[in-house]
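Quick notes on the structure that follows.
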Amino acid sequence: MLPELKLYNTLTRQREAFAPLDPKLVRMYVCGPTVYDLAHIGNARPVIVFDLVYRLLRHLYGPSHVKYVRNITDVDDKINARAAQEYPGLDLNEAIAKVTFSTEAQFHDDLEALGVLHPDVEPRATEHIAEMRDLIERLVASGHAYVAEDHVLFSVPSMPDYGRLSNRPLEDMIAGARVDVAPYKRDAMDFVLWKPSKIGEPGWPSPSGIAVPGRPGWHIECSAMSWKHLGETFDIHGGGIDLVFPHHENELAQSRCAFHTGVMAKLWMHNGFLQVEGEKMSKSLGNFVTIRDLLADWPGDVLRLNMLKTHYRQPIDWTVKGLEESARTLEQWFDIATTEAHPRPAPAVLEALCDDLNTPKAIAEMHALKDHAGKKALAGTLAFLGFEPARLAAWSAAHAPVLAISEQEIESRIAERIAARRNRDFAASDRIRDELLAQGVALKDNKDGSTTWEAKR
RNA sequence: GGCCACGUGGCGGAGUGGUUACGCAGCGGACUGCAAAUCCGCGUACGGGGGUUCGAUUCCCUCCGUGGCCUCCA
């Protein structure tokens, strides 16, 4: 008997029992990266969190009954700016291709190290321009959008319940507006669906009779890609909490008005923000931490556990101390879970995860497995959660501290020490132990009388 | 200024209207020639103030603190 899955829905501000629209196919869309720079640890949070949601759904509904779409946004002003900066001599479109291609490859390498499964579909925005145009024309035709000065704008007042996701009544937003309003907007809240391309910028034939080439606004790509791969409505839409407004609010407005539906996704999930050593991560503070940097010092599995130690909706403070603790925990678990893995996660862990992805509770349950005869269950749970001893071992081998002493020498010194202890020459015995420690080798005298060693971290 | 979230023991971090979270660190014990590793055991908590209640860390109000968002790159 599987536990009932309950998830917190940003749209309703409460936990709800999850029931897919189509019981034969659970559909989830998560906003992926805009590929203009190395992914930082804050970007890793939604990727890891929703990877776990994906694993959980596959377990509950069967792997062939879940479709997970995570996009790559490869058209964006930040990309254009980066491309122009990195490759000043190159044609802008070629430069953009270089930036997006290499950034995407790096992103995939990072995720591989973090134990993240591939989504079922990973669409790129530039491959869905036709769907975007189609959506825009539907919106214009139904009066939800209009053309002005070669732009297409979404008419926010045309949607009576705009603002429901972010819980911002229209009046409040207008009152709090602090940005100059473009003159071609009918309403201050209207947002861009399509805009004209400047010379040299990427451009595509425009919709709605606009003569000049253009490019999509920020939000339309996700409406287009989720439609193409998941349909007009689907089950779960995820991302970071910073995306709730305006990105998700506007996505939702576009899709619902284009398809005349009451919902876009039934359930909206948002992960909390991440800070580094108690401070907001920013380039000016110099605490901007990329996944790549972290992987130089820590195995991906440790980063993964560190991320899951905090409940996904809570703010997380990313610290070296926390990483050290996670590394130790993972090491202990892998030391214990050496037996054949159970094919399923431990029931108590599954139950915790079904309770709005309560990973801290799940981790506590794993500690309980350690204490009892739960080795096989622990191994199975670790595998289920995406932790892989082989990957960890590979990282450790690649990053092992260089010892100035060979393994044979270590073994012979251990033998020497055993002999000294047998003769009760403890001065000699302790000297050997200290010398090895100074060389980075820590000895362990086990209960069975044997002595083993490990490289000191 | 508007909207929202968070504030738990030395640290990390769940949860709950009235019984132990859990982990790390610490302390005590076992083991050890002594340590380390390992095993067993132990302790301290719910930001301030008010209210509701027989009873609040848990609900309400308020204050303080921390953080996020407030769009077309301004």
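Since this is a predicted model, take the numbers as computed values, not measurements. Labels below follow one simple rule: chain letters A, B, ... track the order of the sequence lines, proteins then strands, and each chain is numbered from 1.
On the C1' atoms, B/C4 is 34 Å away from B/U44, given to the nearest whole Å. Taking the C1' atom of each, B/G10 and B/C27 are spaced 13 Å apart, rounded to whole Å. A gap of 13 Å separates the P atoms of B/A45 and B/C11, to the nearest Å. For the P atoms, the distance from B/A56 to B/C46 is 14 Å, rounded to whole Å. Separation of the C1' atoms belonging to B/G2 and B/G26 is 47 Å when rounded to the nearest angstrom. Between the P atoms of B/C31 and B/C40, the separation comes to 15 Å (whole Å). Across the P atoms, B/A30 and B/G67 are found 49 Å apart, a figure rounded to whole Å. For the P atoms, the distance from B/A25 to B/U38 is 9 Å, rounded to whole Å.
A/E325 places its CD atom 8 Å from the C1' atom of B/C11, with the value rounded to the nearest Å. Nucleotide B/G33 holds its C1' atom 15 Å from the CD1 atom of A/I432, rounded to whole Å. Between the CD1 atom of A/I363 and the P atom of B/A14 there is a distance of 10 Å, given to the nearest Å. Taking atom CD1 on A/I316 and atom C1' on B/A14, their separation rounds to 14 Å, with Å as the unit. Residue A/D355 contributes atom CG, which lies 19 Å from atom P of B/A21 at whole-angstrom precision. Rounded to a whole Å, the CZ atom of A/F245 is 16 Å from the P atom of B/A5. Between A/L274 atom CG and B/U66 atom C1' the separation is 15 Å, expressed in whole Å. Distance A/E277 CD to B/U66 P: 19 Å, rounded to the nearest Å.
In the set B/C6, B/A14, B/U32, the nucleotide with an atom closest to the side chain of A/R421 is B/U32. Listed nucleotides B/C24, B/C34, B/C4 differ in distance to A/N167; the shortest reach to its side chain belongs to B/C4. Residue A/R328 places its side chain closer to B/A25 than to any other of B/A25, B/A37, B/A21. In this structure, the nucleotide among B/C73, B/C22, B/U38 sitting nearest to the side chain of A/A364 is B/C22. The side chain of A/K78 sits closest to B/C73 out of B/A14, B/U38, B/C73. Here B/A35 is the nucleotide among B/A21, B/C24, B/A35 with the atom lying nearest to any side-chain atom of A/D445. The A/T310 side chain lies nearest to B/A14 when the options are B/A14, B/C22, B/U71. For A/R417, the listed nucleotide lying nearest its side chain is B/C34; candidates were B/C34, B/C73, B/A14. The nucleotide whose nearest atom lies closest to any side-chain atom of A/Q275 is, among B/G33, B/U66, B/C6, B/U66.
Residue-level contact check: A/H311 touches the backbone only, with heavy atoms under 4.0 Å from sugar-phosphate atoms and none from bases. A/Q314 comes within 4.0 angstrom of sugar-phosphate atoms only, judged by non-hydrogen atoms across all strands, and of no base.
Side chain A/D430 to base B/A35: no donor-acceptor pair is found below 3.5 Å. Under 3.5 Å, the side chain of A/R313 and the base of B/A5 form no donor-acceptor pair of N or O atoms. Put simply, the side chain of A/S429 and the base of B/G33 share a donor and an acceptor less than 3.5 Å apart.
Between the side chains of A/E16 and A/N9, a donor-acceptor pair is found at a separation under 3.5 Å. At a cut-off of 3.5 Å, with distance as the only test, no side-chain donor of A/S223 or A/E251 sits close to an acceptor on the other residue. Donor-acceptor pairing under 3.5 Å is lacking for the side chains of A/S412 and A/Q408.
Toward the 5' end of RNA chain B, the nearer of the two residues A/I241 and A/W218, judged by each one's closest nucleotide, is A/I241. Heavy-atom distances to RNA chain B give each of A/K444 and A/R424 a nearest nucleotide, and the one nearer the 5′ end belongs to A/R424.
Here A/R13 does not reach the OP1 or OP2 of B/A5: none of its side-chain N or O atoms lies under 4.0 Å away. Residue A/N358 has a polar side-chain atom (N or O) positioned under 4.0 Å from OP1 or OP2 of B/G15. Of the side-chain N and O atoms in A/K280, one or more sit less than 4.0 angstrom from OP1 or OP2 of B/G68. Residue A/T329 has no polar side-chain atom (N or O) positioned under 4.0 Å from OP1 or OP2 of B/G23.
The aromatic rings of A/H219 and A/F191 sit perpendicular, their planes meeting at an angle over 60°, well past the 30° parallel limit.
Judged by distance alone, the side chain of A/H59 and the main-chain N or O of A/R55 form no donor-acceptor pair under 3.5 Å.
For B/C3, the paired nucleotide is B/G68, the pair qualifying as Watson-Crick or G-U wobble because both relevant distances are below 3.5 Å. Here B/U38 sits opposite B/A30 as a Watson-Crick or G-U wobble pair (both hydrogen-bonding atom distances under 3.5 Å). A 3.5 Å limit on both hydrogen-bonding distances identifies no Watson-Crick or G-U partner for B/U20.
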Residue pair A/R215, A/D77: steps toward the salt bridge (charged side-chain N to carboxylate O under 4.0 Å, His left out) verdict: CA-CA 10 Å; A/R215 56 203 177 101; A/D77 288 348; 2.5 Å; yes
Let's go through A/D301 and A/R304 carefully: what are the C-alpha distance in whole Å and the side-chain angles of both, what is the deciding distance for salt bridge (charged side-chain N to carboxylate O under 4.0 Å, His left out) to 0.1 Å, and is it a yes or a no? CA-CA 5 Å; A/D301 291 89; A/R304 187 177 175 90; 5.9 Å; no
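Salt bridge present: A/R433 and A/D430 bring a charged side-chain N and a carboxylate O closer than 4.0 Å.
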